[in-house]
Asks: 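Here it is: the structure, laid out below.
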Amino acid sequence: MKKTSSKQVDPRAYSRLVVDGAKQAPSRAMLRAVGFTEADFAKPQIGIASTWANVTPCNMHIGSLADHAAAGADAAGGKSVVFNTITVSDGISMGSPGMRYSLVSREVIADSIETVVGAEGFDGFVAIGGCDKNMPGCAIAIARLDRPAVFVYGGTICPGAQHRDIVSVFEAVGGHAAGTVSDAMLLEVERTAIPGAGSCGGMYTANTMASALEALGLSLPGSSAQEAVSATKADDCRRAGEAVVRMLKEGLRPSQILTRKAFENAITVTIALGGSTNAVLHLLAIAHAARVKLTLDDFTRIGRRVPVLADLRPSGRYLMSELIAIGGIQPLMKRLLDRGLLHGECMTVTGKTLAENLAGARDYPEGQDIVRSFAEPIKKDSHLVVLYGNCAPEGAVAKITGKEGLRFTGRARVFEGEEAATGAILAGKVKAGDVVVIRYEGPRGGPGMREMLSPTGAIMGRGLGDKVALITDGRFSGGSHGFVVGHVSPEAAVGGPIALLRSGDRITIDAVARSIVVDVPRAEWARRRKRWKPRKPYTTSGVLAKFARVVRSASEGAVTD
């Protein structure tokens with residue numbers, strides 16, 4: 001049943017302000033120069049927000065996908081206008097100072113799409129994202145603008161030789177440092193892990209967020225589980241362009257889709273897939289933009305009843321392309337719906353409810369072992385564990401599948417930033433039983449909350465994945481695994497308890513009790529706090545400084561408004 005507006009719908013509510021009437025002749029004159037015909041001025045204008053760039057394989061193909069989306073909008077009676085926004089590559093900048101710009105890019109992308117759509121008077125738009133931060137950036141813009149819009153995922157990469165992907169390279173670096181991977185083998189892994197276009201191949205942040213956005217109702221069914229270079233992805237883009245025009249005619253807006261129940265659906269699907277901790281940060285931010293109340297505790301509440309069912313990398317065995325081959329996430333969502341774990345009444349961009357979209361979904365083929373049954377889950381409850389304690393009074397987010405164990409106690413090895421920690425791990429200075437502490441990497445202190453794939457990859461490569469823990473006020477790549485805890489809040493830069501830790505402190509992380517506690521007497525805590533002084537900012541000018549001045553805590557999604 002469609003739940004669109006009963007009011008008179010004006011498909012050109014925004015564009016007519018730009019192109020109608022004698023006084024808008026200058027606007028029309030300029031639009032004629034970019035290809036508008038006389039007939040186009042009477043059509044609803046559909047922006048196509050492309051994140052194409054040749055800076056990363058995740059987005060290198062999106063220019064052609066934008067053309068398909070534009071063709072779909074035009075065929076449906078709209079007038080498409082393609083425009084670009086930025087992207088940066090997490091995989092390339094990982095482990096370097098450039099990674100500070102990654103989370104910042106989410107805000108730049110959201111701001112830029114909002115700016116173009118608002119300035120040009122587009123009546124609706126398609127947003128196409130590939131790499132990690134441009135997907136939530138697109139979704140934030142969709143929520144803010146509240147104009148008919150569809151998100152399209154650029155699609156996943158095909159596997160490299162020997163079932164390799166980008167995480168294989170990071171872990172090979174750790175193996176090289178440990179002496180188990182030769183120079184020749186490291187070069188071989190480097191040369192064969194990334195065979196072409198598409199986002200990183202496991203259930204890392206890109207595939208996690210694509211799945212979450214489909215579960216939210218912002219993408220067409222199946223969009224999250226398609227290979228980047230495929231006829232199905234090109235068709236998905238064409239149908240997205242058509243869908244926006246249909247939404248305009250029906251008066252269907254994102255605010256009717258982005259409800260609290262829709263966010264609960266996104267959390268449920270993220271957990272069932274074993275998705276990235278970044279989903280916590282980004283779903284909080286998208287909900288904030290949509291003016292939907294969502295907190296860390298909602299992840300705990302939902303996580304108590306939703307199991308991890310998909311055996312996908314980084315902690316599992318399979319890649320996204322193999323999940324696509326057996327049907328993608330639609331059969332999983334149908335199983336969750338039938339189990340009563342999804343809200344089937346939620347509206348989607350199709351103009352139909354989630355339950356209506358899933359009505360015809362076929363189950364997975366017999367004999368597949370990528371997605372487990374409810375009777376034999378990989379973990380009976382969520383792998384995304386929100387922890388509290390004297391080390392993280394505002395919360396922290398752990399990614400614990402159970403393979404690493406559920407409890408870890410060890411002595412802190414404190415590092416002031418990622419580079420120092422990675423160097424120590426590669427040099428063999430981190431030993432079994434250590435709790436690696438990487439601080440001053442939070443949203444404000446980094447600034448930018450860098451992802452810690454280099455140190456976690458080094459830990460796995462050195463064979464320490466089940467022997468050490470790592471905590472940080474930064475965050476993790478979706479490719480990170482092991483006993484890892486991120487988003488520790490308040491962060492070190494604002495005087496959070498993580499700033500007061502010292503090497504040798506005894507830290508206990510308990511996924512069952514959902515706690516992270518340092519064994520330091522209150523009096524000693526007070527002495528340390530009295531001595532603590534803020535560090536000099538990383539920079540005092542430019543976009544990083546601007547971000548640091550306005551960003552909120554990771555526990556609120558690291559939002560900037």
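Everything numeric in this text was worked out from a predicted model, so none of it was measured.
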Asks: With sequence neighbours excluded, what pairs up with Y364 under the side chain to side chain contact (heavy atoms under 4.5 Å, CB included) test?
Replies: L323, I326, P331, L332, R335, Q368, V371
Asks: Verify, without hydrogens or angle tests, whether S96 (side chain) and S93 (backbone) share a donor-acceptor contact under 3.5 angstrom.
Replies: yes
Asks: Are L501 and C391 close enough that some pair of their side-chain heavy atoms sits under 4.5 Å apart?
Replies: yes
Asks: Using atom types as modelled, flag every donor-acceptor pair under 3.5 Å from a side chain in residues 453-461 to any protein atom, sequence neighbours excluded.
Replies:
from: T456; atom 1: OG1; to: M452; atom 2: O; distance (Å): 3.0
from: T456; atom 1: OG1; to: L453; atom 2: O; distance (Å): 3.3
from: T456; atom 1: OG1; to: S480; atom 2: OG; distance (Å): 2.8

Asks: Determine whether the side chains of T232 and Q226 contain a donor N or O and an acceptor N or O closer than 3.5 Å.
Replies: no
Asks: Give me each pair satisfying salt bridge (charged side-chain N to carboxylate O under 4.0 Å, His left out) with a member in residues 170-194, each pair once, sequence neighbours excluded.
Replies: R164-E188
Asks: Given side chains that start at C-beta, do those of D381 and K379 come closer than 4.5 Å, heavy atoms only?
Replies: yes
Asks: Are a donor atom and an acceptor atom from the side chains of T208 and T270 found within less than 3.5 Å of each other?
Replies: no
Asks: I'd like to know if the side chain of D561 pairs up with that of H288 as donor and acceptor (distance under 3.5 Å, no hydrogens or angles considered).
Replies: yes
Asks: Centre of Y318's six-membered ring, under 6.0 Å away, within 45 degrees of the axis: is that where NZ or CZ of R313 sits?
Replies: no
Asks: Taking NZ, NE, NH1 and NH2 as the nitrogens, is one of them in D111 or R106 under 4.0 Å from a carboxylate oxygen of the other?
Replies: no
Asks: Could you verify whether a donor N or O on one side chain and an acceptor N or O on the other, from D236 and Y153, lie under 3.5 Å apart?
Replies: no
Asks: Would K431 and D434 count as a salt bridge (Lys or Arg N to Asp or Glu O under 4.0 Å) if you check the C-alpha gap in whole Å, the side-chain angles of each, and the deciding distance to 0.1 Å?
Replies: CA-CA 6 Å; K431 308 294 184 182; D434 286 345; over 6 Å; no
Asks: Could you check whether E214 and S219, counting side-chain N and O atoms only, form a donor-acceptor pair closer than 3.5 Å?
Replies: no
Asks: For Y204, check ring pair (Phe, Tyr, Trp, His ring centres under 6.0 Å) against everything at least two apart and list the hits.
Replies: none
Asks: Heavy atoms, side chains only, cut-off 4.5 Å: are L103 and L281 in contact?
Replies: yes
Asks: Answer yes if the side chains of R317 and H163 hold a donor-acceptor pair under 3.5 Å, and no otherwise.
Replies: no
Asks: Does a side-chain heavy-atom distance below 4.5 Å link L216 with N265?
Replies: no
Asks: Can you name the side chain to side chain contact (heavy atoms under 4.5 Å, CB included) partners of N84, sequence neighbours left out?
Replies: S50, W52
Asks: Tell me, please, which residues at least two apart from F408 pass ring pair (Phe, Tyr, Trp, His ring centres under 6.0 Å).
Replies: F483
Asks: I need the full list of salt bridge (charged side-chain N to carboxylate O under 4.0 Å, His left out) pairs touching residues 484-503, with sequence neighbours left out, sorted by first then second residue.
Replies: R502-E524
Asks: Give me each pair satisfying salt bridge (charged side-chain N to carboxylate O under 4.0 Å, His left out) with a member in residues 536-552, each pair once, sequence neighbours excluded.
Replies: R552-E556
Asks: Among residues at least two apart in sequence or on other chains, which ones pass side chain to side chain contact (heavy atoms under 4.5 Å, CB included) with P534?
Replies: W532
Asks: Got M135 and F151 here, is their nearest side-chain heavy-atom distance under 4.5 Å?
Replies: yes
Asks: Tell me which pairs pass salt bridge (charged side-chain N to carboxylate O under 4.0 Å, His left out) where either residue lies in residues 456-485, with sequence neighbours left out.
Replies: E451-R475
Asks: Is the shortest distance from a Lys or Arg side-chain nitrogen in R439 or E416 to a carboxylate oxygen in the other one below 4.0 Å?
Replies: yes
Asks: List the steps and the verdict of salt bridge (Lys or Arg N to Asp or Glu O under 4.0 Å) for K133 and D90.
Replies: CA-CA 9 Å; K133 305 311 165 294; D90 292 0; 2.5 Å; yes
Asks: Taking the side chain as every heavy atom from C-beta outward, state whether L406 and D510 have any pair of such atoms under 4.5 Å apart.
Replies: no
Asks: Compare all side-chain heavy atoms of I509 with those of L387 and state whether any distance is below 4.5 angstrom.
Replies: yes
Asks: Whether the side chain of S223 engages the backbone of V152 through a donor-acceptor N/O pair (distance < 3.5 Å, no angle test) should be reported.
Replies: no
Asks: Using distance alone, with no hydrogens and no angle criterion, decide if D165 and S168 have a side-chain donor and acceptor under 3.5 Å apart.
Replies: yes
Asks: Determine, for Y538 and R100, whether the Lys NZ or Arg CZ falls below 6.0 Å from the six-membered ring centre while staying within 45 degrees of the axis.
Replies: yes
Asks: My understanding is that only residues two or more places apart in sequence, or in another chain, count here; which of them pass side chain to side chain contact (heavy atoms under 4.5 Å, CB included) with Y101?
Replies: V543, L544
Asks: Going by the rule side chain to side chain donor-acceptor pair (under 3.5 Å), which residues pair with S211 if we only count those two or more places apart in sequence or in a different chain?
Replies: none
